[in-house]
Amino acid sequence: MAHSDPINPTQLAVLKWVADGFPDGVMPDGGTHKTSAKALQWRRLLEISTKGGTWSATLTDAGHHYLTHGSYPDGHWTKRKRGAAPSSRPQPEPSARSRTADSPRPPRATVTNKKLQPVEQSIADVVAAGGRLEVVRTADKGPSYEALVKSAIRFNKVPAGKILVVERGARWGEATIVLTDPPEWMTVALEPIPVPERVSKFDSALTQVRADATGKRNSPLRQRGHRILHAIATACAARGFEVAAAVSRDRYGNHTQQRPPHDLDITVSGHTFTVSVTEPTKRVEHQPTSAELRQAEKYSWTPYPKYDYVPAGLLKVEVGGGPAVRQGTWTDRDGSLTDVAQIL
């Protein structure tokens, strides 16, 4: 239940840090204070402001109570009963006969009965249930709770500082939707892994990748893609992962086209992941050549393409072989990808 949902030591440190007036401006939890603060805001222990582009936080009365007593104040998680709130329904207006100059027409009240979308309603139900909502879906009807949770995550409907997961029950159709704090590994500050500006000696796997690229245009963009792969390969090798150039062969040992194509095979605990660095294309309007114009003038039914697909001038890094935990693709536009720690 929500009233027995204590804050963790990191969040308590952030709460004390805000109460002390941000001493020295040093974060108590290694730079992840905003994630912890959002979790405290969800618990109504902090109020966060970003006015003027400056992040700030203040304790609520409940936050002061928690620091003093180590628990939430009485009634902090109690739901307001239906009908307890004062009604916003407009009172009937007096008729024109009964209204006088001393009793002007009262302003019309606005009543909003907006129905929540299924994803928003699910989030509201989980919050109202204290963070754990047990659901049952029958065989012939009922929503797909896994799909609702995926939509909530995709469209940023999950409360800040929280994650939403589905725990399957013992029987088919039984599940529990849980709103909880993210595990430490999701919020811990990652050690940076920079992409080198120059490489004097490439990783052995990259040597093979570069050899397979022989004959292709050795553009600055391709060279940068090889340096990104080198940073990933060397970091994986340092962690004891198996790194190899991706080579596809048929049953006779002959090279075959990879489907889909990729550059590296990285094996972690017996499971192989793929890493690729590609240059995507972009669609541009086709500019007909003089030969196409002459052909179209001579034979009006002769079509020419409406669009062309040309290199986009950027790189896309993609990891395959399993469901993405943080994300599955990264874009390197004008050297913007300087750290590959999240890819690892």
Side-chain angles (χ1 to χ4, degrees), residues 8-10 29-32 35 145-147 149-150 153-154 158 162-170 175-178 180-196 199 201-213 224-251 253-278 315-332 337-344:
N8 60 40
T10 299
D29 57 337
T32 61
T35 300
Y145 297 104
E146 290 83 357
V149 168
K150 288 181 180 178
I153 296 171
R154 178 183 178 186
V158 182
K162 292 287 184 177
I163 61 172
L164 197 64
V165 295
V166 177
E167 297 177 355
R168 295 184 179 275
T176 303
I177 306 177
V178 182
T180 184
D181 294 329
E184 183 180 0
W185 62 265
M186 290 186 69
T187 58
V188 67
L190 301 176
E191 188 71 24
I193 302 176
V195 176
V199 178
K201 184 178 180 181
F202 280 92
D203 180 270
S204 58
L206 261 295
T207 302
Q208 180 63 43
V209 172
R210 286 163 55 84
D212 292 341
R224 174 160 178 81
H226 288 161
R227 294 199 304 273
I228 292 174
L229 287 169
H230 173 76
I232 296 172
T234 53
C236 287
R239 286 159 174 75
F241 306 158
E242 297 178 22
V243 182
V247 178
S248 294
R249 298 179 184 271
D250 60 18
R251 59 180 176 174
N254 300 316
H255 288 257
T256 61
Q257 185 178 4
Q258 303 167 26
R259 296 185 181 276
H262 57 278
D263 297 296
L264 296 178
D265 286 330
I266 299 177
T267 304
V268 184
S269 301
H271 188 95
T272 300
F273 295 88
T274 62
V275 180
S276 64
V277 177
T278 57
L315 295 175
K316 183 178 75 170
V317 184
E318 187 169 5
V319 175
V325 176
R326 292 174 182 259
Q327 63 187 81
T329 60
W330 293 261
T331 300
D332 180 66
L337 183 62
T338 60
D339 182 6
V340 298
Q342 281 208 10
I343 300 177
L344 265 292

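Here the structure is a predicted model, which means the values were calculated and not measured.
- Distance CG/Leu337 to CZ/Arg224: 6.5 Å, rounded to 0.5 Å.
- The backbone N or O of Leu315 lies less than 3.5 Å from no partner atom in the side chain of Asp332, so there is not a single donor-acceptor pair.
- Residues forming a side-chain contact (heavy atoms from CB on, under 4.5 Å) with Ile153 (at least two apart in sequence, or on another chain): Val149, Val158.
- With values rounded to the nearest 0.5 angstrom, Ile343 atom CD1 is found 11.0 Å from Glu318 atom CD.
- Atom CZ in Arg210 sits 4.0 Å away from atom CZ in Phe202 (nearest 0.5 Å).
- When atom types are taken as modelled, the side chain of Asp339 and the backbone of Ile193 share a donor-acceptor pair closer than 3.5 angstrom.
- Residues forming a salt bridge (charged side-chain N to carboxylate O under 4.0 Å, His left out) with Asp203 (at least two apart in sequence, or on another chain): none.
- Among all heavy-atom pairs drawn from Glu191 and Ala341, the shortest one is O-CB, 3.4 Å.
- Counting all heavy atoms, side chain and backbone alike, Leu344 lies closest to Cys236 at CD1-SG, 3.4 Å.
- In this structure, His271 contributes its side chain and Gly321 its backbone to a donor-acceptor pair below 3.5 Å.
- For Arg227, there are no side-chain hydrogen bond (donor to acceptor under 3.5 Å, both in side chains) partners at least two apart in sequence or on another chain.
- The shortest heavy-atom contact between Phe241 and Ile266 is CB-CG2, 4.0 Å.
- Nearest heavy atom pair, residue Val195 against residue Ile228, reads CG1-CG1, 3.9 Å.
- Under the salt bridge (charged side-chain N to carboxylate O under 4.0 Å, His left out) criterion, Arg168 pairs with Glu146, sequence neighbours left out.
- A 4.5 Å side-chain heavy-atom check between Pro192 and Thr338 finds every atom pair outside the cut-off.
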Stepwise side-chain contact (heavy atoms from CB on, under 4.5 Å) check, Asp181 with Lys162: CA-CA 5 Å; Asp181 294 329; Lys162 292 287 184 177; 2.8 Å; yes

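- Contact record, Gly225 with Val277: CA-CG1, 3.8 Å, taken as the closest heavy-atom pair.
- Scored by the side-chain contact (heavy atoms from CB on, under 4.5 Å) test, Thr267 finds Glu242, Thr272 as partners (sequence neighbours excluded).
- Residues that satisfy the side-chain contact (heavy atoms from CB on, under 4.5 Å) test with Ala237, not counting sequence neighbours, are absent from this structure.
- Atom OG1 of Thr207 and atom NZ of Lys201 lie 8.0 Å apart (nearest 0.5 Å).
- The two residues Ala205 and Ala245 make their nearest non-hydrogen contact at O-CB, 3.6 Å.
- Taken to the nearest 0.5 Å, the CG atom of Leu264 stands 9.5 Å off from the OG1 atom of Thr274.
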